[in-house]
Asks: 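Dropping the structure in here first, questions after.
All figures in this text were calculated on a predicted structure; none of them were measured in a lab. Residue numbers start from 1 in every chain, and the chains themselves are labelled A, B, ... in the order their sequence lines are given, proteins ahead of strands.
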Amino acid sequence: MSLLEVKDLHAGVNGNEILTGISLSVEAGEVHAIMGPNGSGKSTLAGVLAGRESYVVTRGEVRYQGKDLLAMAPEERAREGLFLAFQYPVEIPGVSNMYFLKAALNAIRKHRGEDELDAIEFIALVKKRMAFVDIDESLLQRPVNEGFSGGEKKRNEIFQMAVLEPRLAILDETDSGLDIDALRIVAEGVNKLHAKDKAVVVVTHYQRLLNYIVPDVVHVLMDGRIVKSGGRELALKLEEKGYDWLRDEAGVAQAQEPARS
Amino acid sequence: MNDGRAQTQEWYAAKFAQFEKGLNGGTSTALHGLRRASMAKFAATGFPTTSHEEWRFTNLAPLARTEFIPALAGDDAGVTHADLEGSLLGEGAAAEVVFVDGQWSPNLSALPSLPPGIRVVSLAQALRQKPDEVMAYLSRHVISDGTLPAALNTAFLHDGAFVLLEDGTALDRPIHLLFVASARPVPFMTAPRIVIVAGKEARVTIVESYVSLANNVYWTNAVTDVFAGAGAVVEHDTLQIESPSAFHTGATHFQLGKGSVVASNAIVLGGLLVRNTVSAVFEGEDGECTLNGLAVASGAQLVDNHTIIDHAKPKCTSHELYKSILDGKARGVFNGKIFVRQDAQKTDAKQTNRTLLLSDEATIDTKPQLEIFADDVKCTHGAAVGRLNDEQVFYLRSRGLDEAAARDLLTFAFAGDIIRRIHVAPLRDRLTTFFRTRLQQGRVASEDLCIP
Ligand SMILES: Nc1ncnc2c1ncn2[C@@H]1O[C@H](COP(=O)(O)OP(=O)(O)OP(=O)(O)O)[C@@H](O)[C@H]1O
Ligand SMILES: [Mg+2]
């Protein structure tokens, strides 16, 4: 059984179809990369998987650990180990990072039937995890993402991931906005968290990240569907040639579609 | 309607006559002259109706048609120490003065000796000891059309609190004035009068809290005057957690001497119909005034906050932040007046009003009113009415918090912005605890929680 199984997923907003038929399987232990031009639907896919309610799924299904993911509330998905690192992390004035993260972790632990952590145990865990992403302690005392720089927000996402230890992490352009050193540190953090029973889906525009987080499969998303999947070398080819050559191939595929159905 | 109005006026006139009789000849004093003048002011118009500009959104008819008996008995009405447990600040306060139905309770109060130059006494006592001194302050209160119910406070004025800090004195811990409404079943009106005088360079924090012991109908009609001398630093925190059937009208007025710093934090959590007017006037240059407010209402509650800041002198700063959280069919009203007089150059005034609506039926009427007659000034105002941010709710849920918990956390954060401005730690703790109980499953729970 795949950890994540997406079948012919169609989704959109206000009657506009953004995802036009996505199929994708992610096995435990794998790292997948999703690349694709701006506006192709990468964040929409990530959002649909995390349960963002503004998207309407019109066709298809998603199974996560064998369960119907689309039937689950966003918090249930999180408690079942799904984690989305946001492309644009949300600022929440007035809510401290630490308070929020403790509440999140304890909600997840409770769901797993584990004891909730008290303040002291939580701090101890936080201290350990901070090192993974080299995040400054002062950021943790501040309200969630409020006034954080672009890079600080991204680090904070991975810090949260390090504390929550998800089974399936979807990182939506976590590399954008990170400086060269931060990129390496964050990528190493992600690698350290990776395990045989876990999977990572990284959405990125740059092959650079994939030097650090080495993918098993690279998918190219265009106009709401996966037009090509391949190994690492696909990312290098994209870096070199851009997307136009794929657009032509996709155009052919699109023209053939009526015959297929 | 007219009949009703006449009846109301007759009712209070009769009560006033009884009150006078009970004064046993104490009717020739300057104080009584003040009472009579106020009674005459009320008698001339009765309660304002919604056709009055200052009362457009707040219909006092339910208050006007209830026959409230002015509470004058000097007993504790059966209130015991145990009843006050959750309401006292304890060690956190330098003194706790308890009033039952507006009358000072020596039994329930804790009045340890204070440093020299600092006096905390009941108003009745102060009037007996130094009537002229007290009268000088009492007579400076102005009853405007916007605070007309306060006319009845002055008419029935007989007790309350008198706090005086001589020049240069200071208290680290706050003085807590706790007003408890007893469980008396007959509708009654309490008319506590509070006078706070901070001399030059004096520093003090006053907490006024209003609590109930039952879900009974009564009317708190409170008037507070705060005189901040030159260079004085005063924090004034009001916490109102009254019966869901209670009426509350309050008029708090600050007079700021040269270079004084006043901060007011007014928290309203209870009451059926609440109208508070907080006003401030700068009487010298370089004054700094902060007026913060937080109202949380659900069910059929109405909370009306009026503020008036009078920049009568140059180079003064005022900051105002009033927030409301409204659920159920609750209604909120905010009216913020700022006057900048002609010679009040270099005025810096900022007013913000924010409302969080948690239901479709809750409403807010908000109106900033800036009247600026000077040219070299900085005045800004802003009002925002909104709901919880869906993106924020989703972000929290995507980390595992359920929807209700996410909504409660965001609602509390909205309120926390005001709560953290209060410098009295035990009061902040109390508010935080109360909030966490009152926010339930993403909603503001019933106001019944306001009674212990
Ligand atoms: N809530 C929305 N309302 C309207 N249009 C939307 C909404 N969300 C996404 N879209 C549109 O769907 C398309 C795909 O957007 P999406 O954010 O998924 O792209 P992306 O592949 O992540 O792009 P980028 O690389 O720039 O992050 C875009 O054209 C976008 O404008
Ligand atoms: Mg995107």
Asks: Testing A:Ile170, A:Val203, A:Val26 for side-chain contact (heavy atoms from CB on, under 4.5 Å) with A:His32, which one passes?
Replies: A:Val26
Asks: Does the structure place the NZ or CZ of B:Arg399 under 6.0 Å from the centre of the six-membered ring of B:Tyr395, at an angle of no more than 45° from the ring's axis?
Replies: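 Checked: cation-pi criterion met.
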Asks: Count the heavy-atom pairs under 4.5 Å between each of B:Asp402, B:Asp390, B:Leu410 and chain A, then report the option with the highest count.
Replies: B:Asp402
Asks: Counting only non-hydrogen atoms closer than 4.5 Å, does A:Glu91 touch chain B with its backbone (N, CA, C, O), its side chain (CB onward), both, or neither?
Replies: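 Backbone only.
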Asks: Under a 4.5 Å heavy-atom cutoff, which of A:Glu80, A:Glu157, A:His111 has the most pairs with chain B?
Replies: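 Heavy-atom pairs under 4.5 Å are most numerous for A:Glu157.
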Asks: Do A:Ser96 and A:Gln141 have a side chain donor and acceptor closer than 3.5 Å?
Replies: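 There is no such pair between these side chains.
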Asks: Side chains of B:Thr238 and B:Glu208: is there a donor and an acceptor less than 3.5 Å apart?
Replies: no
Asks: Where on A:Pro143 is there a heavy atom nearer than 4.5 Å to chain B: the side chain, the backbone, both, or neither?
Replies: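 Neither; nothing under 4.5 Å.
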Asks: Please identify which of these residues, B:Val207, B:Ile422, B:Val262, meets the side-chain contact (heavy atoms from CB on, under 4.5 Å) condition with B:Glu235.
Replies: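 For B:Glu235, the side-chain contact (heavy atoms from CB on, under 4.5 Å) check succeeds only for B:Ile422.
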Asks: What part of A:Ile108 gets closer than 4.5 Å to chain B, counting heavy atoms only: side chain, backbone, both or neither?
Replies: side chain
Asks: With a 4.5 Å cut-off on heavy-atom pairs, point out which of A:Ala104, A:Pro74, A:Ala73, A:Ala78 contacts chain B the most.
Replies: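 Most heavy-atom pairs under 4.5 Å with chain B: A:Pro74.
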Asks: Determine, for B:Phe414 and B:Arg354, whether the Lys NZ or Arg CZ falls below 6.0 Å from the six-membered ring centre while staying within 45 degrees of the axis.
Replies: no
Asks: Please look at A:Arg77 and chain B and tell me whether the side chain, the backbone, both or neither of the residue comes under 4.5 angstrom of a heavy atom of that chain.
Replies: neither
